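In what follows, a single structure is set out as structure tokens and then discussed.
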Number of protein chains: 2
Amino acid sequence: MAGSGRGPRERMVFSAAQLIRRHGVDATGMRDVAAHAGAPRGSLQHYFPGGKDQLVGEALQWAGRYAAARVARFLGDMDRPTPSGLFAAMVRQWTDEYETQGFAAGCPVAAATVDCAESSETTRRAAADAFAAWTRPVAEALVGMGVPAERSGPLATLMISSLEGAILMARAERDVRALTTVARELGPLLDAAVPGA
Amino acid sequence: MAGSGRGPRERMVFSAAQLIRRHGVDATGMRDVAAHAGAPRGSLQHYFPGGKDQLVGEALQWAGRYAAARVARFLGDMDRPTPSGLFAAMVRQWTDEYETQGFAAGCPVAAATVDCAESSETTRRAAADAFAAWTRPVAEALVGMGVPAERSGPLATLMISSLEGAILMARAERDVRALTTVARELGPLLDAAVPGA
DNA sequence: GCCGGGCTATGACGGCCGTCATAGTAGCCC
DNA sequence: GGGCTACTATGACGGCCGTCATAGCCCGGC
């Protein structure tokens, strides 16, 4: 996962995202974030005067940018991109992590949605923005593969929904089964959306 | 949503599930549960000597049973059941709630997975059991509609994954768009799995 | 040389948490 | 009536939380 930035501020945002991924927003303390980032506790209120809301918001923003960058990278790695290939790559990122690092972490955006959708309007919006920042490049990639524009958005939403749900099930079961299943079952449907082939 | 049971114990389990649905596990306090259930605080340690873990576990068990019962009910309401019809009914339960009651609540099993998968092994197992209790009747229903046995399990997993992910996105966006999208896009794929029609 | 601002350090505060300890009440059976 | 069990009531404890207040460090600019 993308190296921690160089400055202490970037490191804290990155650490916040990692801890939220593992324990959720509520169980992630500001002191934990500073410790995980190797940053002084006093820097928290210096860099994030908006408090925890601001820190969580920036962590989600980082997560959205990261997901978008991964999509671009997956596309660059494929010489003959297909919708099913892209989805398989997105899923494989998670199965790889789970098989090598264990099932400790999930998606930070999902965690923030669960913990904060009802308690913090700003965090809820940040989660929605992160989903959008992730969905958009997926939809654009589908268009680039020949999927009609009016179907690219819905299919991108379907891909991300299935992936998010499968991440939840995989973590609960400590088994990548759900992830590999959605990749296999959804592949043909995705490829069938490009009219040419 | 299923009426609160008659005894104070059932009411507390039910209330725990409702509060977890809204705020997550960590943000749901034992005192809140008792208050929401109209039950005396002292009853908590009487009925749930295992503490919060036990209460959360029973709430997840309740959620799993509830989801399974809903699947059975959806089947009973359809005179000519189809896979897409079942999935549409499962999705509609959520769109109906969101349109009439607002986007306050999500799935308690998802919330428990996000908050506790890494911190409480017993709760993680309870979440996995709840997913299983939900998936099984869906798969059995698919078999009853003519879906080959070897595909019913994977398709049930796909249905629940997509639904869970769409719930997350809908709650973040405060828009049922993701839910209606997955229902529409997945319908044809599901119906195509029954060989006869 | 000193001054100002970016950054760090640390303790305190009020609040909520899950859990425990202790005591009290209500009802039923002998 | 006595005792036992099921349930309720309430206060305390230790711990962690986010936030604030205050002070100190460090270094470039003048």
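Computed from a predicted model, the values in this text were never measured in an experiment.
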Every protein N/O lying under 3.5 Å from an N/O of nucleotides 20-27 of chain D:
residue, atom, partner, partner atom, Å
D/dA21, N6, A/Gln45, NE2, 2.8

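Separating the CG atom of B/Asp32 from the P atom of C/dG15 is a distance of 17 Å, rounded to the nearest angstrom. Rounded to whole Å, the distance from OH on B/Tyr47 to P on D/dA6 is 11 Å. Rounded to whole Å, atom C1' of C/dG11 lies 16 Å from atom CG of A/Leu44. Taking atom CE of A/Met30 as the reference point, atom C1' of D/dT19 lies 8 Å away to the nearest angstrom. Distance CE (B/Met12) to C1' (C/dG18): 15 Å, rounded to an integer number of Å. In this structure, CZ of B/Arg11 is placed 13 Å from P of D/dC7, rounded to the nearest angstrom. Atom P of nucleotide D/dG18 and atom CZ of A/Phe48 are separated by 14 Å, given to the nearest angstrom.
Listed nucleotides: C/dT8, D/dG18, D/dT8. Nearest to the side chain of A/His46: C/dT8. The side chain of A/Lys52 has D/dG18 as its nearest neighbour among D/dG18, D/dT8, C/dG18. Checking D/dT8, D/dA12, D/dT19 against the side-chain heavy atoms of A/Arg31 singles out D/dT19 as nearest.
Residue contacts for A/Asp53: at a heavy-atom cut-off of 4.0 Å it reaches no nucleic acid atom on any strand shown. Within 4.0 Å (heavy atoms only), B/Asp26 reaches no atom of the nucleic acid at all.
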Next on the checklist: Pair B/Leu186, A/Leu189 - check side chain to side chain contact (heavy atoms under 4.5 Å, CB included), show working.
Outcome noted: CA-CA 9 Å; B/Leu186 224 48; A/Leu189 172 77; 4.2 Å; yes
Item to check | Intermediate values then yes/no, salt bridge (Lys or Arg N to Asp or Glu O under 4.0 Å), B/Arg92 and B/Glu97 | outcome: CA-CA 8 Å; B/Arg92 191 162 40 238; B/Glu97 170 178 339; over 6 Å; no
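For the pair A/Val182 and B/Leu158, the tightest heavy-atom approach, listed with the atom from each and the gap, is CG1-CD1, 3.8 Å. Nearest heavy atom pair, residue B/Ser161 against residue A/Ser162, reads CB-O, 3.7 Å.
With values rounded to the nearest 0.5 angstrom, A/Leu55 atom CG is found 13.5 Å from A/Tyr47 atom OH. The line from CD of A/Glu118 to OG1 of A/Thr113 is 12.5 Å long, rounded to the nearest 0.5 Å.
Taking 4.0 Å as the cut-off between side-chain N and carboxylate O, A/Arg151 and B/Glu185 count as a salt-bridged pair.
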